[in-house]
A.B. asks: 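One structure is given below, represented as structure tokens, and several questions about it will come after.
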Amino acid sequence: QVQLVESGGGLVQAGGSLRLSCAASGHIFSRYVMGWFRQAPGKEREFVAAISWSVGSTYYADSVKGRFTISRDTAKNTVYLQMNSLKPEDTAVYYCAADPMGASYNDYATYAYWGQGTQVTVSS
């Protein structure tokens, strides 16, 4: 069993930056993929970024490529999402998730463990 706790959300002006953290308790095996998803009011949950736990391969949605960076610290069992050049359309609840089988990086159905979410609000 893996538990995920996100932190780092908040209110920021357009063009600003935030760094989200996701602390995992329980053992993260090498085959895991860790991901970030977001959900805005009235919209479906969408993929943002993912990273393979073992080798650190990264994947990004086109909408955040070049602005967001996902990373992990295996010693701390923590995943980060550095968000730069934030836009009002980035406003959403951001969720950290873990896919224990590493079956996909952008399909939320394959992620078995989810955090409670952290709110990110970008003002114009």
Side-chain angles (χ1 to χ4, degrees):
Q1 189 75 8
V2 173
Q3 292 185 323
L4 306 172
V5 179
E6 303 100 333
S7 61
L11 173 64
V12 64
Q13 288 189 330
S17 298
L18 282 174
R19 188 175 83 153
L20 305 183
S21 298
C22 172
S25 61
H27 190 75
I28 306 295
F29 293 95
S30 59
R31 65 179 179 272
Y32 272 53
V33 171
M34 304 296 292
W36 287 95
F37 289 76
R38 66 186 181 187
Q39 188 166 19
K43 295 188 177 181
E44 292 189 353
R45 191 168 299 192
E46 66 172 354
F47 167 75
V48 175
I51 188 166
S52 65
W53 193 253
S54 58
V55 298
S57 299
T58 58
Y59 312 90
Y60 296 95
D62 288 343
S63 59
V64 307
K65 203 171 292 184
R67 300 188 298 123
F68 291 10
T69 302
I70 188 170
S71 61
R72 88 270 193 253
D73 185 330
T74 56
K76 295 182 178 179
N77 261 18
T78 300
V79 179
Y80 303 98
L81 185 68
Q82 177 66 44
M83 305 185 295
N84 299 328
S85 303
L86 282 162
K87 305 175 181 180
E89 51 264 43
D90 294 317
T91 295
V93 177
Y94 283 70
Y95 297 91
C96 176
D99 173 7
M101 299 305 296
S104 171
Y105 64 89
N106 61 352
D107 182 359
Y108 71 83
T110 66
Y111 285 79
Y113 305 107
W114 291 84
Q116 81 288 351
T118 185
Q119 177 70 48
V120 171
T121 303
V122 184
S123 63
S124 56

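No experiment lies behind these values; they were computed from the predicted model shown. One is the number of the first residue; the rest follow in order along the sequence.
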A.B. asks: Please confirm whether the backbone N or O of Pro100 pairs with a side-chain atom of Arg31, one donor and one acceptor, at under 3.5 Å?
C.D. replies: yes
A.B. asks: Is the shortest side-chain heavy-atom distance between Thr110 and Val33 below 4.5 Å?
C.D. replies: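 No. Closest side-chain heavy atoms not under 4.5 Å.
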A.B. asks: Is there side-chain contact between Thr91 and Gln119, with heavy atoms separated by less than 4.5 Å?
C.D. replies: yes
A.B. asks: With rounding to the nearest 0.5 Å, note down the distance linking SG in Cys22 to CZ in Arg72.
C.D. replies: 14.0 Å
A.B. asks: Quick check: do Trp36 and Met83 have side-chain heavy atoms less than 4.5 Å from each other?
C.D. replies: no
A.B. asks: Quick one: does any side-chain atom of Gln82 pair with a main-chain N or O of Arg19 as donor and acceptor, under 3.5 Å?
C.D. replies: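 No: the side chain of Gln82 does not pair with the backbone of Arg19.
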A.B. asks: Roughly how far, to the nearest 0.5 Å, is the OG atom of Ser124 from the NZ atom of Lys87?
C.D. replies: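 Lys87 NZ to Ser124 OG: 14.0 Å, rounded to 0.5 Å.
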A.B. asks: When Phe37 is tested against each of Tyr111, Tyr94, Tyr105 for ring pair (Phe, Tyr, Trp, His ring centres under 6.0 Å), which residue passes?
C.D. replies: Tyr111
A.B. asks: Do Met34 and Trp114 belong to the same hydrophobic cluster, where Ile, Leu, Val, Met, Phe, Trp and Tyr are linked whenever their side-chain heavy atoms lie under 4.5 Å apart, directly or via other members?
C.D. replies: no
A.B. asks: Can you see which heavy atom on Ala92 is nearest to which on Arg38, and at what distance?
C.D. replies: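 Nearest heavy atoms, Ala92 then Arg38: CB-CB, 3.8 Å.
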A.B. asks: May I ask whether Ile70 and Trp53 are part of the same hydrophobic cluster, defined by side-chain heavy atoms of I, L, V, M, F, W, Y residues being less than 4.5 angstrom apart, directly or through others?
C.D. replies: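 Both belong to a single hydrophobic cluster.
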A.B. asks: Which pair of non-hydrogen atoms, one from Asn84 and one from Ser17, has the smallest distance, and what is that distance?
C.D. replies: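 Closest pair (atom of Asn84, atom of Ser17, distance): OD1-OG, 2.9 Å.
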A.B. asks: Is Phe47 linked to Tyr32 within one hydrophobic cluster, defined over Ile, Leu, Val, Met, Phe, Trp and Tyr using a side-chain heavy-atom separation of less than 4.5 Å?
C.D. replies: no
A.B. asks: About how many Å separate CG of Leu20 and CZ of Phe68, when rounded to the nearest 0.5 Å?
C.D. replies: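 So the gap between those two atoms works out to 8.0 Å.
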A.B. asks: Could you tell me which residues satisfy salt bridge (Lys or Arg N to Asp or Glu O under 4.0 Å) with Arg67, sequence neighbours excluded, listed by chain and number?
C.D. replies: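 Partners of Arg67 by the salt bridge (Lys or Arg N to Asp or Glu O under 4.0 Å) criterion, ordered by chain and then number, come out as Asp90.
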A.B. asks: Do Ser21 and Lys76 have side chains that get closer than 4.5 Å, going by heavy atoms?
C.D. replies: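 The answer is no; the side chains never approach within 4.5 Å.
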A.B. asks: I'd like to check Tyr59 versus Asn106 (side-chain heavy atoms, cut-off strictly below 4.5 Å). Are they in contact?
C.D. replies: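 Tyr59 does not reach Asn106 side chain to side chain.
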A.B. asks: Among Ile51, Val48, Thr118, whose side-chain contact (heavy atoms from CB on, under 4.5 Å) with Leu81 holds?
C.D. replies: Val48
A.B. asks: Looking only at heavy atoms, what is the nearest atom pair of Leu18 and Gly8, with distance?
C.D. replies: CD2-O, 3.9 Å
A.B. asks: For a quick test of reading the model, state the closest non-hydrogen atom pair linking Tyr60 to Thr69 and the distance between them.
C.D. replies: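 Closest pair (atom of Tyr60, atom of Thr69, distance): OH-CA, 3.3 Å.
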A.B. asks: Minimum heavy-atom separation for Ser54 to Ser30, with atom names?
C.D. replies: CB-O, 3.3 Å
A.B. asks: Could you pull out the closest heavy-atom pair between Leu4 and Gln116, with the gap in Å?
C.D. replies: O-OE1, 3.7 Å
A.B. asks: Does the side chain of His27 come within less than 4.5 Å of Phe29's, by heavy atoms?
C.D. replies: yes
A.B. asks: Applying salt bridge (Lys or Arg N to Asp or Glu O under 4.0 Å), can you list everything that pairs with Lys43, at least two apart in sequence or on another chain?
C.D. replies: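 Scan of Lys43 (salt bridge (Lys or Arg N to Asp or Glu O under 4.0 Å), adjacent residues dropped) gives none.
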A.B. asks: Measure from the ring center of Tyr95 to the ring center of Tyr108 and say whether it is less than 6.0 Å.
C.D. replies: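 Tyr95 vs Tyr108: aromatic centres not under 6.0 Å.
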